[in-house]
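So the structure is just underneath, and the comments pick up after that.
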Amino acid sequence: MRHLIDPMDLSVEEIDKLLDLADDIIANKEKYSKVCEGKKLATLFFEPSTRTRLSFEAAMMELGGNVLGFSSADSSSSTKGESVGDTVKVVSCYADIIAMRHPKEGAPFLASLKSDVPIINAGDGGHNHPTQTLTDLLTIRREKGRFSNITIGFCGDLKFGRTVHSLIKALSRYENIHFVMISPEELEIPEYLKEEVFEKKGLSYEQVRTIDEVIERLDILYMTRVQKERFFNEADYIRLKDTYILDMPKLKNAKADLSILHPLPRVNEIAVEVDDDPRACYFRQALNGKYVRMALIMTLLGLEA
Ligand code: NCD
C-alpha cells in the first residue's frame, strides 16, 4: 500500500507517469468517468481549505466515485479528544482512500502508520503539500514544456509557505534550475531547506529582497500569500503582509513568456488587473489540481481506465 506524505515519496519516473496520466485525463475525460465506481474518498480537513478539498472531491466524483468527510476540526470527534490515529483507523473502515489536512506538521505521516487505506497529505502545517506540488509540476510542464533549464522566482512567505517547501524539494531533482528566493529577511526559507536541499545538492540559488531586481530574468514567478495563521503575533503579520504586490507596472520588464503561478488563495499579493494577462497561470493551475488529483487517486488505488 502506498501513501503520499512527502513530495519525495514519488520518484521522478513516477511523477512523469502521473503527469502523463493527468494529461491523458484532460484529453479524454469520458474514458475515466467510471474508473472509481464503488470507491469512496474521505476528506479529513482539520484546517480550512477551498481548492484542495473541493478539487479532491470533484476529482473523485469525475472518476465515478463517492466522497465523505469533514471540513473543520470543530465538526469532528477531535474536539472530544480523539487522536488522529484513532480517527484514521475508524475512517479506513468506511473509505478506500483518505486525504488529510492538519495544522500539525507530521500528522498525516502518523495517520499513515495507523491506516488500512492510502493516506494523502493535503497539507501539514508549514511543512509539506505534495498534491499542490503535483499541481504545480503539471502546470509548469503544460506551460513551459520542461522542468530543466529554468529560472524560477519564489516570492512572499517562504518561511511558512508549505507549497514552496514542497515544490523546491521536488524541483531539486531536475537539471540546471536557478532558484531566486524573494522575501523579507523575516520570511526567508527555513535553514533546514537551505542546508539540506540548496547546499547539500549544490543547487544554484540567490536570495533577494525585491521583485524589480530579478523580474527580467525569470521564466516562472511563484507568488505566495503571507501565512497569517502561522504567525505568532499579529503586529508582525500586519507589517509584512503587503511587502509584495505584483501589478502590471511590476511586469514591465518581465519576459513575454513568463509564467505567473500562485497556489491560491490570493490576498493582496497579485493585483486583479494581472488576471487578464496571458502570463497569469494561477486559475489554470487550480484546474490542473483537479486532474492531477484524479491521476493520483487512480494511481494509489491501483486502478486503470
Ligand atoms: C495553499 C496551502 O493551503 O498551503 N493553498 C492551497 O492548498 N492551494 C496556500 C495557502 O494557503 O496560501
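Predicted model only: the values in this text are computed from it and were never measured. We count residues from 1, following the sequence as given. Every number for a ligand or one of its atoms is a count from 1 in the order of the listing. All values below were derived from every heavy atom in this structure, side-chain atoms included, with hydrogens, water molecules and symmetry-related copies excluded.
Ligand 1 has a nitrogen or oxygen under 3.5 angstrom from a nitrogen or oxygen of R162. Taking any N or O of P265, backbone or side chain, none lies under 3.5 Å from an N or O belonging to ligand 1. Taking any N or O of T163, backbone or side chain, none lies under 3.5 Å from an N or O belonging to ligand 1.
For atom 6 (C) of ligand 1, the closest non-hydrogen atom of the protein is L264 O, 3.4 Å.
One option in R51, H129, Q227, E269 has a heavy atom closer to atom 7 (O) of ligand 1 than any other, and that option is H129.
Interface atoms of ligand 1 facing R225, defined by a heavy-atom separation under 4.0 Å, are 10 (C), 11 (O), 12 (O). Interface atoms of ligand 1 facing R101, defined by a heavy-atom separation under 4.0 Å, are 3 (O), 7 (O). Every atom of ligand 1 with a heavy atom of T52 under 4.0 Å away is listed here by number and element: 6 (C), 7 (O).
Taking the six-membered ring for Trp and the full ring otherwise, the centers of Y174 and F147 sit less than 6.0 Å from each other. Aromatic ring centroids of F70 and F45 lie 6.0 Å or more apart.
Taking the six-membered ring where tryptophan is involved, the planes of F231 and Y237 are perpendicular, since the angle between them exceeds 60° and thus also 30°.
Here salt bridge (Lys or Arg N to Asp or Glu O under 4.0 Å) pairs that include residues 116-136, with residues two or more places apart or in two chains, are K89-D116.
Residues satisfying the side chain to side chain contact (heavy atoms under 4.5 Å, CB included) test with H262, not counting sequence neighbours, are M223, R225, L264, R266, E269, I270, Y282.
Nearest heavy-atom pair, I119 versus S112, reported as atom, atom and distance to 0.1 Å: CG1-CA, 3.8 Å.
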